[in-house]
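Here the structure is laid out as structure tokens; the discussion comes afterwards.
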Amino acid sequence: MALLEILIYPDPRLRKKAPAVETVDRKISTLVDDMAQTMYAAPGIGLAATQVNVQQRVVIIDLSEERNQLQVFINPLISDAEGSIETEEGCLSLPGIVAPITRHEHIRVCALDREGKPFETAVTGLLAICLQHEVDHLDGKVFTDHLSRLKRDRIRKRLVREAKEGPPAPTRENSLVI
Ligand code: GNR
Ligand code: NI
């Protein structure tokens with residue numbers, strides 16, 4: 001297993017649209033293991049391959065308290081999106097930033113599991129939110145793309161400044177709440 005480097009916005013590599021995985025082979029399995037180690041260490045509840053500079057449609061999510069229920073979505077396709085729900089989203093590629101984002105509350109997703117077997121499931125709530133956030137990453141989008149240009153620019157400038165000056169001391173008050 002290997003800890004991977006997470007790209008920080010506005011890294012232009014976060015803007016690439018990832019192509020579909022053609023075959024779920026040992027390489028993909030290793031990628032999933034490395035992504036899981038990286039997500040658990042961060043810590044985060046989800047991670048898209050785009051964030052670790054791998055251009056492949058691979059997403060992992062673990063919403064469990066014990067951090068032992070990894071869900072793998074290869075080539076995820078969202079359909080039947082319904083309802084809307086607003087939550088404070090964060091992103092490992094935008095450290096220290098949270099903002100309220102509106103997503104669909106209920107979706108269907110079909111994907112391949114880590115064995116390459118197709119499955120389809122209806123998901124709701126935080127899992128639905130997280131999946132939409134991760135599929136956005138695979139399409140080269142980040143959550144600030146859902147905000148006004150003013151808010152997006154403020155966040156981008158803050159992250160550019162922090163990349164130069166180093167992050168602020170880790171006090172709770174440093175979180176930029178839009
Ligand atoms: O760890 C994460 N938390 C989170 C909270 C609300 C909505 C989405 C997320 S995903 C994020 C990890 C991440 O950046 N995934 O791309
Ligand atoms: Ni993210």
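Hydrogens, waters and symmetry mates play no part in the numbers below; they use all other heavy atoms, side chains included. Note that this is a predicted model, so its numbers are computed, not measured.
- Within the 4.5 Å cutoff, the side chain of I6 has no heavy atoms near those of the P95 side chain.
- Pairs engaging residues 13-23 under the salt bridge (Lys or Arg N to Asp or Glu O under 4.0 Å) rule: D11-R13, R15-D145, K17-D139 [sequence neighbours left out].
- Going from atom CZ of R67 over to atom CD of E65 covers 9.5 Å, rounded to the nearest 0.5 Å.
- No more than 12 heavy atoms of other residues, nucleotides or ligands shown are found within 6.0 angstrom of CD on E5.
- Side-chain atoms of D136 never come within 3.5 Å of backbone atoms of K141 as a donor-acceptor pair (strictly under, hydrogens ignored).
- For the pair A41 and L3, the tightest heavy-atom approach, listed with the atom from each and the gap, is CB-CD1, 3.7 Å.
- Nearest heavy atoms, R108 versus A122: NH1-CB, 3.8 Å.
- Distance check: E82 CD to T124 OG1 gives 10.0 Å after rounding to the nearest 0.5 Å.
- L70 is listed as a side-chain neighbour of V32, based on a closest heavy-atom distance under 4.5 Å.
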_Check against side-chain contact (heavy atoms from CB on, under 4.5 Å), E89 and I129_ = CA-CA 9 Å; E89 294 200 15; I129 291 163; 3.5 Å; yes
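- Residues V72 and I61 are members of separate hydrophobic clusters, defined by side-chain heavy-atom contacts under 4.5 angstrom among Ile, Leu, Val, Met, Phe, Trp and Tyr.
- Here CD1 of I85 is found 9.5 Å from CD of Q132. Values are rounded to the nearest 0.5 Å.
- To the nearest 0.5 Å, the span separating OG1 on T121 from CG on L127 amounts to 7.5 Å.
- For the residue pair Y9 and V142, the shortest heavy atom distance occurs at CE1-CG2, 3.7 Å.
- L14 and L92 sit in two unconnected hydrophobic clusters of ILVMFWY residues. Membership requires side-chain heavy atoms under 4.5 Å apart, directly or through other members.
- Under a hydrophobic-cluster definition in which Ile, Leu, Val, Met, Phe, Trp and Tyr are linked whenever side-chain heavy atoms come within less than 4.5 Å, directly or via other members, I8 and F143 are assigned to different clusters.
- Looking only at side-chain heavy atoms (C-beta outward), E162 and L159 come within less than 4.5 Å of each other.
- Interatomic distance, S84 OG to E105 CD, rounded to the nearest 0.5 Å: 7.5 Å.
- Of the inter-residue distances, the one linking N75 atom CG with Q56 atom CD reads 8.5 Å to the nearest 0.5 angstrom.
- Checking side-chain atoms of R152 against main-chain N and O of L147 turns up a donor-acceptor pair under 3.5 Å.
- If you chain together hydrophobic residues whose side chains sit under 4.5 Å apart, I74 and V54 fall into the same group.
- A donor-acceptor distance shorter than 3.5 angstrom exists from the side chain of D25 to the backbone of I28, with no hydrogens or angles considered.
- Side-chain N or O atoms of D62 include one that pairs as donor or acceptor with a backbone N or O of N68 at under 3.5 Å.
- Considering only heavy atoms from C-beta on, D153 stays 4.5 Å or farther from S148 through its side chain.
- Without hydrogens or angle criteria, R114 side chain to S29 main chain gives a donor-acceptor distance under 3.5 Å.
- The nearest pair of heavy atoms linking R57 to A18 is NH1-O, 2.8 Å.
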With a 3.5 Å cut-off and sequence neighbours excluded, list the donor-acceptor pairs that the side chains of residues 43-52 form with protein atoms.
unit_1 : atom_1 : unit_2 : atom_2 : d
T50    : OG1    : H137   : O      : 3.3
Q51    : OE1    : A48    : N      : 3.0
Q51    : NE2    : S93    : OG     : 3.1

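- Annotation for H146 and R103: closest pair NE2-NH1, 3.3 Å, computed over non-hydrogen atoms.
- Looking at residues two or more places apart in sequence or on another chain, you find no salt bridge (charged side-chain N to carboxylate O under 4.0 Å, His left out) involving K157.
- For D33 (side chain) and M1 (main-chain N/O), no donor-acceptor pair under 3.5 Å exists by modelled atom type.
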*asked:* Working note: V21 + L112, criterion side-chain contact (heavy atoms from CB on, under 4.5 Å); need CA distance, chi angles, decisive distance, verdict.
replied: CA-CA 10 Å; V21 171; L112 305 177; 5.8 Å; no
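- Connection of I155 to L7 is established within a shared hydrophobic cluster, with ILVMFWY side chains joined at heavy-atom distances below 4.5 Å, either directly or through further cluster members.
- What you find for T38 and L4 is that their closest heavy atoms are OG1-N, 2.9 Å.
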